[in-house]
Number of protein chains: 4
Amino acid sequence: MARVRSEEKRLAILAAATGIIVEAGLPATRTAAIAKAAGVAEGTLFVYFKTKDELVNQLYLSIKQELAAVMITTADNSLSMEAKFRHYWCKYVCWGVENHSKKLAMDQLMVSAALLPEVKEQANVPFAEVANYVAGCIEAGLLKSLPVDYVLGVFAAMAEMTINYVLQQKVAVEEYQQTGFDLLWDAVAKR
Amino acid sequence: MARVRSEEKRLAILAAATGIIVEAGLPATRTAAIAKAAGVAEGTLFVYFKTKDELVNQLYLSIKQELAAVMITTADNSLSMEAKFRHYWCKYVCWGVENHSKKLAMDQLMVSAALLPEVKEQANVPFAEVANYVAGCIEAGLLKSLPVDYVLGVFAAMAEMTINYVLQQKVAVEEYQQTGFDLLWDAVAKR
Amino acid sequence: MARVRSEEKRLAILAAATGIIVEAGLPATRTAAIAKAAGVAEGTLFVYFKTKDELVNQLYLSIKQELAAVMITTADNSLSMEAKFRHYWCKYVCWGVENHSKKLAMDQLMVSAALLPEVKEQANVPFAEVANYVAGCIEAGLLKSLPVDYVLGVFAAMAEMTINYVLQQKVAVEEYQQTGFDLLWDAVAKR
Amino acid sequence: MARVRSEEKRLAILAAATGIIVEAGLPATRTAAIAKAAGVAEGTLFVYFKTKDELVNQLYLSIKQELAAVMITTADNSLSMEAKFRHYWCKYVCWGVENHSKKLAMDQLMVSAALLPEVKEQANVPFAEVANYVAGCIEAGLLKSLPVDYVLGVFAAMAEMTINYVLQQKVAVEEYQQTGFDLLWDAVAKR
DNA sequence: CATGAATGAGACTTCATTCAT
DNA sequence: CATGAATGAAGTCTCATTCAT
């Protein structure tokens, strides 16, 4: 990390980057445009992020961490297994719908060659709790006997798809959050 | 008469582009590199595609059309409804696993700002038959009462996810083709 | 000169070049555009003119020769000295107004680095008669004692300027042909 | 504070462009060559001029403004009408002879398709005073009753021609400055 | 000879990054 | 640290010319 002076500026740059990536796509996102949108000089951006690639990686991390926080820190341990599953699902979908830009920026970042594999891994660390929880559900016979990663994949794929559907069709999030969960549950729950 | 434009060269360029996009990512894919890999001069690329963006759009179209052809032209009309659903699924997943490069290139193309909305739409035309079929299944009470687009979304999301899983985990496609379909069917079939 | 087959095609190319040079300017005039406008294939242009530069030089020559022909071959030897001077002037101005495109193309060609000095000289040969005539007028005391080239320069400058004025102001050529000649005569005639 | 944009560099670029345009012609003038001759990096040229075309237009403007300044700011209001006319003439011709490069560059710029009509117009604004003065001379009966624009056209055509003659024949400017003015005066003055 | 696909040098311009102020 | 002018490598695309058909 570069010499950091103002966390506020760092966040402004990340936020500006998010917006421009969504509007223009990552390859067409110029550091100059990010700087301008963040209200800092072109050179200042490089005080906070050594390179554009570092900015991309940091942005990825920050968004993933935010999502993890939303899903996990709000989880109530007193919930039943299915209720917790539903909790994770709802938080994911709602976050995506409410943070449209961050979600779309993620879509860009995930296919970027600039994204380092180690950062990708690091970004998954906060989700370990979800993975553990799913593993528990499988062990408990609540979910089908499948690899944890596959179940997580189904979970994420359905969530992403549902977010996209809600945003594109401009339907109410509540309805498809419910419907989507029903499909997901039917898919993965042991009968 | 002068030399005639060769479809062979056009395809060589598209194939070369696919490979390089997968290796380097779309933004880092240089027209010079594509031309060289296709075995033509740099200028020749622009004889076949006016701009790099047009090449990108044509590549998107060609891959989508190939997938549609694989799914649809092989479908047997004598199949039962569920069997046809399974047929579509298997063809999709197998095509993705066998055409790893094209699948990964698509992932890049789909988030590209160069991809024109009209081309995106055009690429969906050949899939109309699948959509009609799904609508029929819903009407027949075989599938849950959901919007056709949502079911198609679930179908595609699960298929893409399964392809990725097979490729990343290097497991046998047959197993997850089967497993994946079971999940999908449990998710969307009316009980 | 290249292998010539059809004089008709050669002239079509020169005519097409004239038009496009006027519309787009010489640097923006593409050989492909000339060929298309002339109704021949791109390669055919190079059968008639080895290079674009040769085409430019030939075009310059052909226009200058046409102007010379118009001025000189129509001159009546029975005319008085002043009348002949006026004849040359009128023919020049009228030709320019009636052959707007050729005149404007000349303006482009004359400042082109592609125009060879030897061709420039060669283009002046047909005008020798005018120069001789002017020399005679000076010797005869009709015109001021000035270098022939300077008088010719004044003649050409005034003619070009008058042509431009008529074309830009869209006034009648007859009026300024007359007015212009009066100015020219007052300028160069010995009082 | 960062480095400040230097007028010096801007002028160096314009001067370098002038020289290369004269040597090579406008179409063969490369931005890389201009930058090198100006002693700046290739990219720097585009800090001062967004495009090559803008550079061309700015150069045209700057030369025209310099000529206007030379002609007008040195004019003495106590001069008689004819003397002022002579003053304008002499300044024009001398400027052209002394600033050979700028004069030749202008010849290239004037026929360039890159030159915007609005810039052409803007370049004429500083010459309004000359036009007004000529109008006054006509009204006062000193000059023939002709449109102001036509008289200005004759003036410019004769001046340009005289400059060219002096430069090509390598004769003394003083002589033809005088001779030229006499011709011009005989041409436009009322007898 | 006529055609137009093929060529590749080279043009203009962009943009991440540096560094003088 | 903040600024934004300066940099120059590198990218896309053009176009005069060649040459297979």
Side-chain angles (χ1 to χ4, degrees), chain A residues 2-6 9 27-36 39-56 114, chain B residues 1-6 9-10 27-36 39-55, chain C residues 2-6 9 27-36 39-56 114, chain D residues 1-6 9-10 27-36 39-55:
Chain A
R3 296 169 288 176
V4 174
R5 182 72 159 237
S6 137
K9 259 176 203 169
T29 295
R30 317 301 174 203
T31 54
I34 297 173
K36 194 179 173 190
V40 301
E42 293 180 40
T44 303
L45 184 148
F46 293 91
V47 172
Y48 289 84
F49 305 93
K50 248 200 292 289
T51 65
K52 186 186 181 184
D53 280 4
E54 188 184 307
L55 167 55
V56 163
Chain B
M1 193 107 32
R3 271 167 283 190
V4 75
R5 237 187 264 191
S6 90
K9 246 169 219 170
R10 207 186 95 95
T29 295
R30 316 299 172 204
T31 54
I34 297 173
K36 194 178 173 190
V40 300
E42 292 185 37
T44 303
L45 186 146
F46 294 95
V47 171
Y48 288 84
F49 305 94
K50 252 200 287 291
T51 64
K52 186 186 180 184
D53 279 5
E54 189 184 306
L55 167 55
Chain C
R3 296 169 289 175
V4 172
R5 182 69 161 240
S6 138
K9 259 177 202 169
T29 295
R30 318 299 173 204
T31 54
I34 297 173
K36 194 178 174 191
V40 301
E42 292 180 41
T44 303
L45 185 147
F46 292 93
V47 171
Y48 289 83
F49 304 93
K50 247 200 293 288
T51 65
K52 186 186 180 185
D53 280 4
E54 188 184 307
L55 167 55
V56 164
Chain D
M1 193 103 36
R3 271 166 282 190
V4 76
R5 240 187 262 190
S6 90
K9 245 169 219 170
R10 207 187 93 95
T29 295
R30 317 297 173 206
T31 54
I34 297 173
K36 195 177 172 190
V40 301
E42 292 184 38
T44 304
L45 185 148
F46 294 93
V47 172
Y48 288 84
F49 304 94
K50 251 199 286 291
T51 63
K52 186 186 179 183
D53 279 5
E54 189 184 306
L55 168 55

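If you're wondering where the values come from, they're calculated on a predicted model, not measured in any experiment. Within every chain, numbering begins at 1; the chains are lettered A, B, ... in the order of the sequence lines, protein sequences first and strands thereafter.
One interatomic measurement links the two molecules: NZ of Lys9(D) to P of dA5(F), which rounds to 11 Å at whole-angstrom precision. Going from atom CG of Leu45(C) over to atom C1' of dT18(F) covers 13 Å, rounded to whole Å. Residue Glu54(A) contributes atom CD, which lies 15 Å from atom P of dA16(E) at whole-angstrom precision. Atom CZ in Arg5(D) sits about 17 Å away from atom P in dT3(F), given to the nearest Å. When the P atom of dA5(F) is taken as reference, atom CZ of Phe49(D) falls 14 Å away, rounded to whole Å.
Contacts of Tyr48(D) with the nucleic acid, taken as non-hydrogen atoms under 4.0 Å apart, involve only primed sugar atoms and P, OP1 or OP2. In this structure, Lys36(A) reaches neither bases nor backbone, as no heavy-atom distance under 4.0 Å exists between it and the strands shown.
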Subject >> Contact letters for nucleotides 11-16 of chain F, in which S counts primed atoms plus P, OP1 and OP2 and B counts the base, heavy atoms under 4.0 Å >> reply: SSBBSB
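Secondary-structure stems of DNA chain F, taken as three or more successive Watson-Crick or G-U wobble pairs (i with j, i+1 with j-1) under a 3.5 Å distance threshold, comprise E:2-21 with F:2-21.
Tyr48(C) places a side-chain N or O within 3.5 Å of a backbone atom of Ser6(C) that can act as its donor or acceptor partner. Counting only distance, with no hydrogens or angles, the side chain of Lys52(B) and the backbone of Thr29(B) share a donor-acceptor pair below 3.5 Å.
In this structure, CG in Leu55(B) is found 9.0 Å from CZ in Arg10(B), a value given to the nearest 0.5 Å. Rounding to the nearest 0.5 angstrom, the gap separating the CD1 atom in Ile34(B) from the CD atom in Glu42(B) is 11.0 Å.
Projected onto DNA chain E by closest heavy-atom contact, Ser6(B) and Gly39(C) fall at different nucleotides, the more 5' of which corresponds to Gly39(C). Of the two residues near DNA chain F, Val4(B) and Ala41(D), the one whose nearest nucleotide lies more 5' is Ala41(D).
In this view, Phe46(B) and Thr31(B) satisfy the side chain to side chain contact (heavy atoms under 4.5 Å, CB included) rule, not counting sequence neighbours. Judged as a side chain to side chain contact (heavy atoms under 4.5 Å, CB included), and not counting sequence neighbours, the contacts of Ala28(B) are Ala24(B), Arg30(B). By the side chain to side chain contact (heavy atoms under 4.5 Å, CB included) test, Val47(D) is found to be paired with Arg5(D), residues two or more places apart in sequence or in another chain being considered.
Of the candidate nucleotides dA2(F), dT21(F), dT7(E), dT21(F) has the atom nearest to the side chain of Arg3(B).
The two atoms that bring Ala41(D) and Ala35(D) nearest to each other are O-CB, 3.8 Å, heavy atoms only.
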